[in-house]
Protein chains: 2
Amino acid sequence: MGHLSITEENYLKSILKLSEHNHTKIGTNEIAYEINISAASVSDMLKKLADKKLIIYQKYYGVKLTKTGEQYAKNLVRKHRLWEVFLTQKLQFSWDEVHDLAEQLEHVKGDDMINRLEKFLGNPKFDPHGDPIPDNKGNIVVRKQQLLIELKKGEKAVIIGVKDTAATFLQFLDSIKISLGTKFTVIGVVIYDHSMQLKLQDGRELMLSQQVCSNIYVSS
Amino acid sequence: MGHLSITEENYLKSILKLSEHNHTKIGTNEIAYEINISAASVSDMLKKLADKKLIIYQKYYGVKLTKTGEQYAKNLVRKHRLWEVFLTQKLQFSWDEVHDLAEQLEHVKGDDMINRLEKFLGNPKFDPHGDPIPDNKGNIVVRKQQLLIELKKGEKAVIIGVKDTAATFLQFLDSIKISLGTKFTVIGVVIYDHSMQLKLQDGRELMLSQQVCSNIYVSS
DNA sequence: TTCGTAATTTAGTCTTGTCTAAAAAATAAT
DNA sequence: ATTATTTTTTAGACAAGACTAAATTACGAA
Ligand SMILES: [Mn+2]
Ligand SMILES: [Mn+2]
Ligand SMILES: [Mn+2]
Ligand SMILES: [Mn+2]
């Protein structure tokens with residue numbers, strides 16, 4: 001557990017992120033795109049991370065986190081999400097403002113501090129975007145969730161998360177007064193463009209585009 | 001106000017610190033000693049900081065913060081001390097544990113966050129060691145304070161700060177149950193070694209060495 | 001005033017993390 | 001099976017920040 005640089009931490013975190021949707025090995029280009037760096041630089045860094053046994057790396061064949069690397073990366077995600085909760089719950093930031101700050105705060109060293117922060121926040125299990133917060137051993141609560149787009153006419157559900165966390169998307173949701181916890185029924189699906197019409201618990205009716213519906217997680 | 005690296009920030013902060021006790025220009029060696037770096041490296045960095053108009057620097061003749069540099073450095077101190085308050089008040093750390101964490105947290109960018117943190121903490125004016133917290137314009141409350149060592153027999157006072165913030169010193173004070181706010185009367189001063197005998201408000205009597213008394217700030 | 005020491009700067013390297021351009025390997029297309 | 005294309009790695013450079021050793025400058029003591 002010798003301590004890593006911020007740069008190394010960011011590589012691990014993006015490899016973890018890419019691993020989540022992509023079960024096979026991660027390519028150099030994918031990482032390069034994710035953290036906005038040239039593929040050549042990524043190639044260099046992968047060698048270093050492999051030397052430190054944080055990733056399994058075979059030239060030309062992509063990369064995978066080792067158990068140690070995964071542990072480290074999950075701890076970063078834990079820190080990131082707990083800080084996001086702090087920023088929204090305690091400092092009254094909105095959910096579209098917290099990511100960049102958490103991106104910095106996640107690199108502050110001190111596991112004891114994070115455990116205390118977790119307790120101070122009341123042991124939250126999800127961050128402001130509905131993403132699960134790993135515990136201090138890296139375990140993550142799995143929730144039964146699906147994308148709004150997958151629902152059929154007549155189904156009832158509640159919004160529990162967002163897939164896209166871009167500020168513009170979050171601000172759009174704010175503007176139409178949709179947030180985590182909003183309950184609704186699907187009252188129509190347009191065949192032509194797959195827009196969905198929802199009836200919210202408060203009585204309002206709303207039409208959402210396919211793109212929006214593909215970026216909202218719900219639970220029934 | 002282009003943003004500075006952590007390294008540059010640390011230089012500014014130590015120059016400010018040295019300026020407080022030393023009203024003349026600050027020498028290269030002093031800075032080198034303060035941040036544990038070779039004088040040669042300091043010399044290099046001073047050139048860069050001067051180029052950025054953060055310090056006034058004349059080769060071989062020492063250095064002084066410009067108004068901009070001072071503003072920047074004071075903002076760092078502000079951040080450092082507010083985070084220290086957060087760590088003690090909200091996360092229940094003791095006063096000897098917070099410095100190193102604050103040393104990292106002070107470098108997180110985001111003045112809005114700091115202003116919100118300040119409000120969340122109830123606009124504290126002093127940190128856990130009794131040091132004043134600059135406001136968001138860099139203004140610092142000045143308190144009438146003196147060192148315990150300067151008191152005479154018979155004088156009453158209250159402890160409001162510590163000059164040395166080393167963990168060992170703070171832990172020693174904890175061990176003899178002395179903290180900020182402790183009230184006492186000087187009931188004797190030993191001529192031989194300048195130890196002082198105090199009678200605390202709770203009735204306990206205590207003998208403190210000259211070195212200890214030289215590192216405690218009091219107010220009458 | 002001159003000399004010797006201490007403080008400071010310069011010169012030359014090193015490491016980390018980045019880049020562009022070029023080479024090499026893997027994969028897709030014919 | 002060959003070729004063309006894409007992906008990945010290597011080569012060579014650069015900036016930031018650090019170091020050690022050597023050269024300068026300042027300054028206190030004789
Ligand atoms: Mn990061
Ligand atoms: Mn989040
Ligand atoms: Mn610092
Ligand atoms: Mn302090």
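Just the heavy atoms: all of them, side chains too, but no hydrogens, waters or symmetry mates, feed the values below. Below, read A as the first sequence line, B as the second, and so on, with proteins coming before strands; counting in each chain starts at 1.
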J.: Going by the rule side chain to side chain contact (heavy atoms under 4.5 Å, CB included), which residues pair with B:Asn29 if we only count those two or more places apart in sequence or in a different chain?
T.: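 So B:Asn29 forms a side chain to side chain contact (heavy atoms under 4.5 Å, CB included) with B:Ala39.
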J.: Between C:dG17 atom C1' and A:Ile6 atom CD1, what is the distance in whole Å?
T.: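 It works out to 13 Å between those atoms.
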J.: I need the full list of ring-ring contact (aromatic ring centres under 6.0 Å, His included) pairs touching residues 97-122 of chain B, with sequence neighbours left out, sorted by first then second residue.
T.: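 Pairs touching residues 97-122 of chain B that pass the test: B:His80-B:His99.
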J.: Below 4.0 angstrom, N of the basic side chain to O of the carboxylate: do A:Lys67 and A:Glu70 qualify?
T.: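 Between A:Glu70 and A:Lys67 there is a salt bridge, with a charged N closer than 4.0 Å to a carboxylate O.
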J.: Please enumerate all residues that pass side chain to side chain contact (heavy atoms under 4.5 Å, CB included) together with B:Arg143, with sequence neighbours excluded.
T.: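 Partners of B:Arg143 under the side chain to side chain contact (heavy atoms under 4.5 Å, CB included) test: B:Phe126, B:Gln145, B:Ile160.
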J.: Between B:Lys25 (NZ) and D:dA26 (P), how many Å, whole number?
T.: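 In whole Å, D:dA26 P lies 13 Å from B:Lys25 NZ.
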J.: Tell me which residues in residues 99-109 of chain B lie within less than 4.0 Å of DNA chain C, going by non-hydrogen atoms.
T.: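 The answer is none.
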J.: Figure out the NZ/P separation between A:Lys48 and C:dT16, and round it to whole Å.
T.: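 Computing the A:Lys48:NZ to C:dT16:P distance gives 6 Å.
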J.: Which residues pass the salt bridge (Lys or Arg N to Asp or Glu O under 4.0 Å) test with B:Glu103, not counting sequence neighbours?
T.: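 B:Glu103 satisfies salt bridge (Lys or Arg N to Asp or Glu O under 4.0 Å) with B:Lys13 once adjacent residues are dropped.
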J.: Round to the nearest Å and state the distance from B:Ile31 atom CD1 to D:dA18 atom P.
T.: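 It works out to 13 Å between those atoms.
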J.: So does A:Val108 get a backbone contact from the side chain of A:Lys79, meaning a donor-acceptor N/O pair under 3.5 Å?
T.: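 It does hold such a pair.
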J.: Considering every strand and a 4.0 Å limit on heavy-atom distances, what is the contact class for A:Ser38: base, sugar-phosphate, or nothing?
T.: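 It contacts base atoms.
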J.: Among residues at least two apart in sequence or on other chains, which ones pass salt bridge (Lys or Arg N to Asp or Glu O under 4.0 Å) with A:Lys52?
T.: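 Salt bridge (Lys or Arg N to Asp or Glu O under 4.0 Å) check on A:Lys52 returns A:Glu8.
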J.: Along nucleotides 1-13 of chain D, 5' to 3', which nucleotides get a B, which get an S, and which get a -, given that the test is a protein heavy-atom distance under 4.0 Å?
T.: ------SBBB---
J.: Using a strict heavy-atom distance below 4.0 Å, which residues from residues 8-21 of chain B are in contact with DNA chain D?
T.: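 Going residue by residue through residues 8-21 of chain B, the ones with a heavy atom under 4.0 Å of DNA chain D turn out to be B:Tyr11.
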J.: Taking distance alone, no hydrogens or angles, what donor-acceptor pairs closer than 3.5 Å link side-chain atoms of residues 55-63 of chain B to residues at least two apart or in another chain?
T.:
none

J.: Holding to side chain to side chain contact (heavy atoms under 4.5 Å, CB included), I want the full list of residues that pass it with B:Lys163, two or more places apart in sequence or in another chain.
T.: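 Side chain to side chain contact (heavy atoms under 4.5 Å, CB included) check on B:Lys163 returns B:Leu147, B:Asn215, B:Tyr217.
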J.: Measure from CD1 on B:Ile37 to C1' on D:dA18 and round the result to the nearest Å.
T.: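 Between C1' of D:dA18 and CD1 of B:Ile37: 7 Å.
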J.: Using OP1 and OP2 only, check whether a side-chain N or O of B:Ser5 sits under 4.0 Å from D:dA16.
T.: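 Negative; the distance criterion is not met.
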J.: Can you pull the side chain to side chain donor-acceptor pair (under 3.5 Å) pairs that have at least one residue in residues 34-50 of chain A, sequence neighbours excluded?
T.: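 Sorted pair list: A:Lys17-A:Glu34, A:Ser38-A:Ser41.
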J.: Taking side chain to side chain contact (heavy atoms under 4.5 Å, CB included) as the definition, give me every residue that meets it alongside B:Lys109, ordered by chain and number, with sequence neighbours left out.
T.: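 A:Gln104, B:His3, B:Glu9, B:Tyr72.
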J.: Taking atom C1' of D:dA16 as reference, at what distance in whole Å does atom CG of B:Leu4 sit?
T.: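 In whole Å, D:dA16 C1' and B:Leu4 CG are 14 Å from each other.
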